[in-house]
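All remarks here apply to the structure that follows.
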2 protein chains.
Amino acid sequence: MAFPELFERFAVEVLPLGVSDGTHLRFQSVARFVTARAGDAPFRGNGKDQIAFVASGSTKLVAQASQGREQVVAFHFAGDLVSIPSSTAHAYSLCALEDCELVYFPADKFLALAQEESGMVAEVLTRALRALERCREKTVALGRKTAQEKLASFLVTMNDRVGAVEGNQQEMSLPMSRKDIGDSLGLTIETVSRQFSELRSLGLIETQGRSGIRLLDLEGLKARAGHVLAAA
Amino acid sequence: MAFPELFERFAVEVLPLGVSDGTHLRFQSVARFVTARAGDAPFRGNGKDQIAFVASGSTKLVAQASQGREQVVAFHFAGDLVSIPSSTAHAYSLCALEDCELVYFPADKFLALAQEESGMVAEVLTRALRALERCREKTVALGRKTAQEKLASFLVTMNDRVGAVEGNQQEMSLPMSRKDIGDSLGLTIETVSRQFSELRSLGLIETQGRSGIRLLDLEGLKARAGHVLAAA
DNA sequence: AACCCACATTGATTTAGATCAATGCACGAT
DNA sequence: ATCGTGCATTGATCTAAATCAATGTGGGTT
């Protein structure tokens, strides 16, 4: 995709309707366009906060802990806006799961420009609150769930986010490896694999190759995910 | 504290300078004022997102998982703004650690009003991004750290947030119990207690009664926290 | 179509932290 | 001041998941 088209995709998703041409142009002038191959880490924390828009493909935001341990903090798909912090207790890097097209902005300039258009800050705020909500749900899983509950809730969440394949509502193709899933759920590859096998033998899922997954019993999975809905 | 004073504290902290009188009044008209005693859960998820401002005291945001397991998603102190989600996979409740004064807003009305003043949305966005950053750091701890690293990073973080007692930079009084700390770090009370003892015997901290903690060696604690800073 | 290699699965063993069980102590109530 | 209760500490045992160790397999490459 050519750069102008890339930026247009960002504009359509994130800039509110009726944004002024001036703002539009100023955003474009601070944007940096990057294409990344699967496995690349096009961005590493470099002391300045950044904001990335995922125009196509999918990414993971990874934090490094000591001794080579890694924690996947979030996965992102086309249309997502990612805030990448830099002055935190852990180094973060954004990493492509599949080939990706990304639009980068320095966070300070992005936020300053956003303030020119009131609807724009609101849009970014909405997205930030959604990201916060997802992060909190992940916190619950990491802190208080068993391996099986973690994987079950992961699959239910991903089913919502990556959407259906070829019309079947409960069929999806996951771009991340077992290692990525483990690093996201605080588990090892082996435990993830064993839980996949377990869910398979319980008749809740079917796998096809390395990335194909069909949820045979969404309600059953939710029941095993340890969710507790708010009382009405 | 009387309600007008309570609201004023919110206005000073969150409303940007020079906000119009009209907006100021409209905010006040949708606000609900609540005082809570230590241990109270003045707010339980009820189907509508809410925003709470902590005027005084401190709170925890707790998510329920199945079988009575609880995860503390965040702690809050005077001056903090909390977003309380409702339609998530887990039921959340805000709970007072000490006697508290709170100002509640329905999230939809709060956000609509915020858009009347561009600086206001920006302020809320800044706070949301800070909350997101904290939540991500917590994710790293929960997913990839040992009990000792979890407690060490918790203490370092709290030292930043609750600040100093009586001039001593590294002395603080924590409002939360061992149970709360465990529910925040994904550990049991016993493990938290054992790690307190361990850090004590390593000469890194000193405890005084149930809530007093002195960090004797902040650098030593950070070294045991498993942090990995971004390379310059 | 056959090959290769990284990824995934399965099995055996170990271990960090949970659970079960007393004991100790802080701090508010009397 | 003392008392009693709930919180914290310490100890013994158990277990879910990690680690160590092969073996299998999907999917890209030639």
Side-chain angles (χ1 to χ4, degrees), chain A residues 37-39 60 65-72 97-99 141-152 154-155 173-202 205-213 224 226, chain B residues 37-39 60 65-72 97-99 141-152 154-155 173-202 205-213 224 226:
Chain A
R37 307 299 306 268
K60 57 178 177 180
S66 56
Q67 293 155 27
R69 292 171 293 180
E70 296 197 332
Q71 175 66 37
V72 171
L97 297 171
E98 326 164 77
D99 294 356
L142 288 172
R144 287 285 176 245
K145 290 192 182 179
T146 64
Q148 187 162 124
E149 290 170 334
K150 285 177 180 180
L151 185 59
F154 171 78
L155 292 175
S173 175
L174 291 183
M176 67 290 282
S177 68
R178 297 292 187 263
K179 169 101 166 42
D180 292 328
I181 296 173
D183 285 345
S184 169
L185 299 178
L187 300 171
T188 59
I189 311 176
E190 294 94 327
T191 299
V192 171
S193 184
R194 274 185 255 271
Q195 291 308 326
F196 262 109
S197 301
E198 181 71 14
L199 292 179
R200 225 181 280 126
S201 74
L202 286 165
I205 64 170
E206 237 172 44
T207 55
Q208 188 167 307
R210 280 175 190 166
S211 61
I213 293 174
R224 291 200 166 252
Chain B
R37 310 298 306 267
K60 57 178 176 179
S66 56
Q67 293 156 29
R69 293 170 294 181
E70 296 196 333
Q71 175 66 38
V72 171
L97 297 171
E98 326 164 76
D99 293 356
L142 288 171
R144 287 285 177 244
K145 289 192 183 179
T146 64
Q148 186 162 123
E149 290 170 333
K150 285 177 179 179
L151 186 59
F154 172 78
L155 293 174
S173 174
L174 290 184
M176 67 289 283
S177 68
R178 298 292 187 262
K179 168 101 165 46
D180 292 329
I181 296 173
D183 285 345
S184 170
L185 300 178
L187 300 171
T188 58
I189 311 177
E190 294 94 326
T191 299
V192 171
S193 184
R194 274 184 255 271
Q195 291 309 327
F196 263 108
S197 303
E198 181 71 14
L199 293 180
R200 226 181 279 125
S201 74
L202 287 166
I205 63 170
E206 237 172 43
T207 56
Q208 189 166 307
R210 278 173 191 168
S211 61
I213 294 174
R224 290 199 167 255

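Below, chains carry the letters A, B, ... as their sequence lines are ordered, and counting in each starts from 1. Predicted model only: the values in this text are computed from it and were never measured.
To the nearest angstrom, C1' of dT19(D) lies 15 Å from CZ of Arg69(A). Between Glu149(A) atom CD and dA16(D) atom P there is a gap of 12 Å when expressed in whole angstrom units. We find that CG of Leu151(B) is positioned 10 Å from P of dT9(D), with the value rounded to whole Å. Computed from coordinates, the Leu174(B) CG to dC7(D) C1' distance equals 15 Å when rounded to whole Å. Straight-line distance from the CD atom of Glu198(B) to the C1' atom of dG11(D): 15 Å, rounded to whole Å. Rounded to an integer number of Å, the gap from Phe196(B) CZ to dA8(D) P is 9 Å. Look at CG on Leu187(B): it is 18 Å from P on dA16(D), rounded to the nearest Å. Spacing between atom CD of Gln195(B) and atom P of dA8(D) amounts to 16 Å, rounded to whole angstrom units.
Shown here are the side chain to side chain contact (heavy atoms under 4.5 Å, CB included) partners of Glu149(B), two or more places apart in sequence or in another chain: Ser66(A), Arg69(A), Lys145(B), Thr146(B). Among residues two or more places apart in sequence or in another chain, the salt bridge (Lys or Arg N to Asp or Glu O under 4.0 Å) test is passed with Arg37(A) by Asp99(A). Listed by chain and number, the residues in a side chain to side chain contact (heavy atoms under 4.5 Å, CB included) with Ser177(B) are Lys179(B), Asp180(B) (sequence neighbours excluded).
Of the two residues contacting DNA chain D, namely Val192(B) and Ala147(A), the nearest-nucleotide position lying further toward the 5' end is that of Val192(B). Checking Arg194(B) against Arg144(B), the closest nucleotide of DNA chain D that is more toward the 5' end is the one next to Arg194(B).
A 4.5 Å side-chain heavy-atom check between Leu202(A) and Arg224(A) finds at least one atom pair inside the cut-off. Under the 4.5 Å side-chain criterion, counting only non-hydrogen atoms from C-beta, Gln148(A) is in contact with Glu198(A). Annotation: side chain of Gln71(A) is in contact with side chain of Leu142(A) (closest heavy-atom distance under 4.5 Å).
If you check every strand for non-hydrogen atoms under 4.0 Å, Ser177(B) touches sugar and phosphate atoms only. Residue-level contact check: Ser197(B) touches the backbone only, with heavy atoms under 4.0 Å from sugar-phosphate atoms and none from bases. Using a 4.0 Å heavy-atom distance criterion, Gly186(A) is classed as a sugar-phosphate-only contact.
Note that the first and last nucleotides of DNA chain C, 5' to 3', having any atom under 4.0 angstrom from a heavy atom of chain A are dA6(C) to dA12(C).
One axis for each end of the helix from dA1(C)-dT30(D) to dT30(C)-dA1(D), each built from five base pairs, and the angle between them comes to 50° at 10° resolution.
When all heavy atoms of Leu151(A) and Phe196(A) are compared, the pair lying nearest together is CD2-N, 3.6 Å. Between Ala147(B) and Thr191(B), the closest heavy-atom pair is CB-CG2, 3.7 Å. For the pair Leu185(B) and Lys150(B), the tightest heavy-atom approach, listed with the atom from each and the gap, is O-NZ, 3.0 Å. Nearest heavy-atom pair across Ala38(B) and Leu97(B) is CB-O, 3.5 Å.
For Arg178(B) against dG6(D), a side-chain-to-base donor-acceptor contact under 3.5 Å is absent.
From Ser184(A), atom OG reaches atom CE of Met176(A) across 7.5 Å, with rounding to the nearest 0.5 Å.
Taking only side-chain nitrogens and oxygens, Thr146(A) never comes nearer than 4.0 Å to OP1 or OP2 of dA16(D). Distances shown here put every side-chain N or O of Ser193(B) at or beyond 4.0 Å from the OP1 or OP2 atom of dA8(D).
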(message) Across nucleotides 22-30 of chain D, 5' to 3', mark each nucleotide with B, S or - according to how protein heavy atoms within less than 4.0 Å reach it.
(response) ---BBS---
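Among Val192(B), Leu187(B), Leu174(B), the single residue meeting the side-chain contact (heavy atoms from CB on, under 4.5 Å) criterion with Phe154(B) is Leu174(B).
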